[in-house]
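Remember, it's a predicted structure, so these values are computed and weren't measured experimentally.
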Amino acid sequence: MSTVDTPSPSPDAGRTITTNIPARLDRLPWSRWHWTIVIGLGTVWILDGLEVTVVGNIASRLAEPGSGLAITSGQITGVAAALYVAGACVGALFWGRLTDRFGRKKLFMITLAVYLAATALTAVSWEAWWFFLFRFLTGFGIGGEYAAINSAIDELIPANYRGRVDLMINGSFWLGAVGGSLLSILALNTDLLAANVGWRLTFALGAVLALVILLVRRHVPESPRWLLIHGRDREAEEIVSGIERQVEQQKGERLPEPQGELEIHQRKSVTFMEIARTVFGRYRKRAVLGFSLFIGQAFLYNAITFGFGAILTKFYDVPADHTGYYFAVIAIGNFCGPLLLGKLFDTVGRRVMISGTYLLSGLLLFGTAWLFSLGALGAGTLTACWCAVLFFASAGASSAYLTVSEIFPMETRAMSIAFFYALGTAAGGISGPLLFADLTSTGKVGDTVLAFSIGAALMCAAGLVAAFLAVRAERRSLEDIARPLTAAASRAKAATKGARPSQRASGRPGGPAAPPAASRP
């Protein structure tokens, strides 16, 4: 329930209201309604995984005569990959700002439509420059998805489940990677499909899947938290009341009373200057944490996995149309990481799990580089090593998106996700593929070992940063982790820490009272 207190004197603001809507969302038990959110919003990462994997695995075939494109393998894994990531960075910043201003739902519909159109046009590329252009635009749409989707997910999922659900959704990228690997095997089989047809059908299928997701996504509501702040509290009340009725019908029992209220001054927008002051002034340590996590995971994934197919063909003479089998195994290991470790981020805690997954994956990657340098690995054993590395790295990488989506105030959430994703990915994701394509193309073991070692070092460095700066956000409400900029300091009333009243003081059962969120890293 929301009650209107007073009109605000600020010309940019609306009314001042007291609301318990965040507490009502956080105290909900898991239900079928929450699964509709997971399916409607989370499945887009499957498409992202499909895109990235297909391009990496079909690079050798696209570079062959008869593919319909005058393009080299290095251009595909280097230039095209970098343009895709560059598009994602630009798109994240562009759409992220609009997501905070115009709402989560409006933008996650638009960005998916952009992705759909660009993917369909990629399928009909006849010149290399056309292929490059639409790889950029495909990334442009995906970049917007990162900001809009992660914002909506965290604002709709109860505090007790937020960590594992966010990790599982971001980790679903690797289900798409499995599909992309297997699909590339079919696309590269010239006995079934002509060399200039198979790869086009893979991109066309991505567009069809995006259309299906677009239709499902229409039923996902706007974030009630966003509506509250932007003066649409009546709509927020209707959405939350409807959710509560559905959950009560499904569970067959009354919901417990929500614990905690929040007073906010409604307003239409937040300026870039306010965002900058908040992120880099009030939350400086959290900003360092966000940069570290994104740079580490972006370089590892965008640099090394883009070139995995080239390593198999160059060093182990694996046929180009068989690399998909190896990558499918790695992708399964990647998905199992967030799936099996996700719950621990809500129980053991963010700091231990984030730092642990980053450090362990980095150390395992150093070990893989050492074995590779000795010539002790074959195609199968290298794949097994990568499975072990990426089982932990995938959970850590997914936690980077979780971290930046929950440790900054509501009004800056989408822009913060976009900003850290763009800068971190630009540092590791644009330079990474370009550098790694050059290193693997030399055919020298030492060059590939160097690339592995750089990725491992950055992951370990990010893990050390997380060990000191990660925020203990497990089972705490978003408003407690970072108080909204529009919250009235004098009357904010013990914002909910999750579903249980015992967590209202500390965010953990039986713990001591926590200091104000702003005082944490």
Side-chain angles (χ1 to χ4, degrees), residues 12 88-104 107 143-144 146-155 162 166 170 223 225-226 229-230 264-265 267-298 350-351 354 397 399-429 461-462 465-466 468-473 476-487 489 492 495 515-521:
D12 181 52
C89 293
V90 174
L93 293 172
F94 178 79
W95 300 114
R97 174 60 175 162
L98 298 181
T99 298
D100 277 334
R101 186 174 180 86
F102 297 110
R104 294 13 177 164
L107 270 297
Y146 280 107
I149 297 303
N150 280 289
S151 297
I153 289 169
D154 281 2
E155 291 165 10
R162 187 174 60 243
D166 202 299
N170 281 286
S223 164
R225 285 175 156 105
W226 183 88
I229 287 176
H230 289 79
I264 61 172
H265 301 308
R267 57 189 301 181
K268 294 180 179 179
S269 63
V270 177
T271 66
F272 275 114
M273 187 60 67
E274 288 176 283
I275 293 174
R277 281 200 303 264
T278 300
V279 175
F280 299 108
R282 182 178 173 187
Y283 295 108
R284 290 187 301 273
K285 292 181 180 179
R286 297 185 183 192
V288 172
L289 173 67
F291 279 129
S292 301
L293 296 181
F294 268 96
I295 289 173
Q297 65 87 25
R350 303 287 201 265
R351 179 170 292 184
I354 294 173
S399 73
Y401 294 93
L402 167 67
T403 297
V404 298
S405 66
E406 66 182 1
I407 63 174
F408 296 104
M410 162 77 200
E411 298 87 343
T412 70
R413 179 161 294 120
M415 195 60 202
S416 295
I417 296 169
F419 189 75
F420 287 103
Y421 168 79
L423 290 187
T425 302
V465 171
F468 291 98
L469 300 183
V471 179
R472 293 186 174 92
R476 298 172 63 196
S477 78
L478 297 172
E479 291 73 23
D480 176 58
I481 298 167
R483 179 176 292 172
L485 301 182
T486 49
S519 69
R520 294 191 168 201

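Between Arg476 and Glu406 no salt bridge is recorded (no basic side-chain N to carboxylate O distance below 4.0 Å).
Contact annotation: the side chain of Ile229 approaches that of Ile264 to within less than 4.5 Å [non-hydrogen atoms, C-beta and beyond]. Residues Arg286 and Ile481 have side chains in contact (heavy-atom distance under 4.5 Å, counting atoms from C-beta outward).
Each of Tyr146, Phe291, Tyr283, Phe294 was scored for a ring-ring contact (aromatic ring centres under 6.0 Å, His included) with Phe420, with one residue passing: Phe291.
Nearest heavy atom pair, residue Ala470 against residue Arg351, reads O-NH2, 2.6 Å. Across every non-hydrogen atom of Arg104 and Ser223, the tightest pair is CG-CB, 4.1 Å. Of all heavy-atom pairs between Cys89 and Ala422, the closest is SG-O, 3.3 Å. Counting all heavy atoms, side chain and backbone alike, Ile407 lies closest to Val404 at CG1-CA, 4.2 Å. Summarising the geometry of Ala418 relative to Gly96, their closest heavy-atom pair is CB-CA, 4.0 Å, with the distance given to 0.1 Å. Shown here for Pro409 and Ala482, the closest heavy-atom pair between the two residues is N-CB, 3.6 Å.
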Given side chain to side chain contact (heavy atoms under 4.5 Å, CB included), test Asn170 with Leu402 step by step and report yes or no.
CA-CA 9 Å; Asn170 281 286; Leu402 167 67; 5.8 Å; no
Show the numbers, then the answer: is there a side chain to side chain contact (heavy atoms under 4.5 Å, CB included) between Asp100 and Glu411?
CA-CA 6 Å; Asp100 277 334; Glu411 298 87 343; over 6 Å; no
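Every residue two or more places apart in sequence or in another chain was checked for a side-chain hydrogen bond (donor to acceptor under 3.5 Å, both in side chains) with Tyr401, and none qualifies.
Here the side chain of Arg413 pairs a donor or acceptor atom with the backbone of Ser405 at under 3.5 angstrom. Judged by distance alone, the side chain of Arg277 and the main-chain N or O of Arg282 form no donor-acceptor pair under 3.5 Å. Put simply, the side chain of Arg284 gets close to the backbone of Gly281: a donor and an acceptor are under 3.5 Å apart.
The distance from atom CG of Leu469 to atom CG of Leu289, rounded to the nearest 0.5 Å, is 6.0 Å. Rounding to the nearest 0.5 Å places OG1 of Thr403 at 5.5 Å from CG of Leu293. Atoms CG and CE, from Leu98 and Met415 in turn, are 9.5 Å apart once rounded to the nearest 0.5 Å. Summarising the geometry, atom CG belonging to Leu478 is positioned 10.0 Å from atom OG belonging to Ser151; distances are rounded to the nearest 0.5 Å. One distance of note links OH of Tyr421 with CD1 of Ile417; it measures 12.0 Å at 0.5 Å rounding. Distance check: Arg162 CZ to Glu155 CD gives 10.5 Å after rounding to the nearest 0.5 Å.
Asp154 and Asn150 share no side-chain donor-acceptor pair at under 3.5 Å.
Residues Phe419 and Phe408 place their aromatic rings such that the two centres sit no closer than 6.0 Å.
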